[in-house]
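Before any comments, here is the structure.
Sequence lines set the chain letters: A, B, ... in the order given, protein chains first and strands last, and positions in each chain run from 1. Fair warning: this is a prediction, and the values are worked out from it, not measured in the lab.
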Protein chains: 2
Amino acid sequence: MDMKLATEIGKCLSNSVRLQIMEWLKDPENHFPPHESLKHFNDGVCVSYIHEKSGLSQSTISTYLSNMEKCGILISTRHGKWSYLKRNEVLILEYSTFLLNEKNGEITINS
Amino acid sequence: MDMKLATEIGKCLSNSVRLQIMEWLKDPENHFPPHESLKHFNDGVCVSYIHEKSGLSQSTISTYLSNMEKCGILISTRHGKWSYLKRNEVLILEYSTFLLNEKNGEITINS
DNA sequence: TAAATATATCGACATTTCTCGATATGTCGG
DNA sequence: CCGACATATCGAGAAATGTCGATATATTTA
């Protein structure tokens, strides 16, 4: 993983509301009502549901989500007038792995 | 992992120099000269070596490292007049795991 | 095509972070 | 105890981020 990308991902994860969104999206069924239009959560959750739950303004959340998509940790899919957001688990795994020190192999406590 | 702690860790990792320091400390032997006093890297690297390599001022780096230690991703050990910093691999692993979605089990591509 | 709804973008101001030089504190060697 | 060196803290100005309301754009439906 490229340092520049990793820094951008870090920025997305450095704010409690954005981090909370990442948590909610781990398990949309348990954090959001079913959507009136789509019957599944395959593409995640629409912006307005995230907005309502967040307590921040629509414009703020829209910008957050847009930046999170720009760096790749979220994937956006449009269905009609709704934008659905879901986690990009592959990139998150890459980032997560990048943070670890592969030199350690399995982590050893009490070196 | 607590959301508040995770947010603080995210802030530490949201700056390219701090992220770079985390990278250097994965493998001190290959990024820093041997210390004049200590013959090993068991406790990491002293502040001044990190400072020199970073290109930022001593006060900036001191503050960076202090904050990184405060949230726990670095561990500081004093030896005489030197402070040595090393990665807290255990906490980094916890954070890294927190980011992942355990609901997925092993990650599946192409859902 | 006009109204309604969902989302995106803009401009502005408040808050936080970045970053420095100056200075304080801690520690060793003489 | 004093001078030298390592690190920490302080105060300040610059830059970035947070956050909003207003407005623009897109899409569906009447």
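- Using a 4.5 Å heavy-atom threshold, the side chains of B/Asp43 and B/Ile75 count as separate.
- Comparing the axis of the opening five pairs of the helix from C/dT1-D/dA30 to C/dG30-D/dC1 with that of the closing five pairs yields an angle of 30°, rounded to 10°.
- Residue B/Ile21 contributes atom CD1, which lies 12 Å from atom P of C/dC18 at whole-angstrom precision.
- Contact annotation: B/Asn15 side-chain N/O to C/dC18 OP1/OP2 distance is under 4.0 Å.
- The side-chain heavy atoms of A/Ile92 and A/Arg87, taken from C-beta on, include a pair separated by under 4.5 Å.
- Between B/Asp43 atom CG and D/dT7 atom P there is a gap of 13 Å when expressed in whole angstrom units.
- A cation-pi geometry, defined here as NZ or CZ lying under 6.0 Å from the six-membered ring centre and within 45° of its normal, does not hold between B/Lys86 and B/Phe32.
- Geometrically, A/Lys70 does not engage A/Tyr64 in a cation-pi contact, judged by NZ or CZ lying under 6.0 Å from the ring centre and within 45° of the ring axis.
- At a cut-off of 3.5 Å, with distance as the only test, no side-chain donor of A/Ser59 or A/Ser62 sits close to an acceptor on the other residue.
- Between A/Asn101 and the options B/Lys26, B/Glu23, B/Glu89, a side chain to side chain donor-acceptor pair (under 3.5 Å) holds for only B/Glu89.
- Below the 3.5 angstrom threshold, one finds no donor paired with an acceptor across the side chain of A/Gln58 and the base of C/dA6.
- Within residues 47-57 of chain A, the residues approached by DNA chain D to less than 4.0 Å at the level of any non-hydrogen atom are A/Leu56, A/Ser57, in residue-number order.
- In terms of heavy atoms, A/Phe98 sits closest to A/Met3 at CZ-SD, 3.6 Å.
- Between B/Glu69 and B/Asn88 the shortest side-chain heavy-atom distance does not fall below 4.5 Å.
- Heavy atoms only, all atoms of each residue included: B/Arg18 and B/Cys12 are closest at NE-O, 3.0 Å.
- Proximity of residues 60-82 of chain B to DNA chain D (heavy atom under 4.0 angstrom from any strand atom) is restricted to B/Ser62, B/Thr63, B/Arg78, B/Lys81, B/Trp82.
- The two residues B/Leu93 and A/Leu100 have their closest heavy-atom pair at CA-CD2, 3.7 Å.
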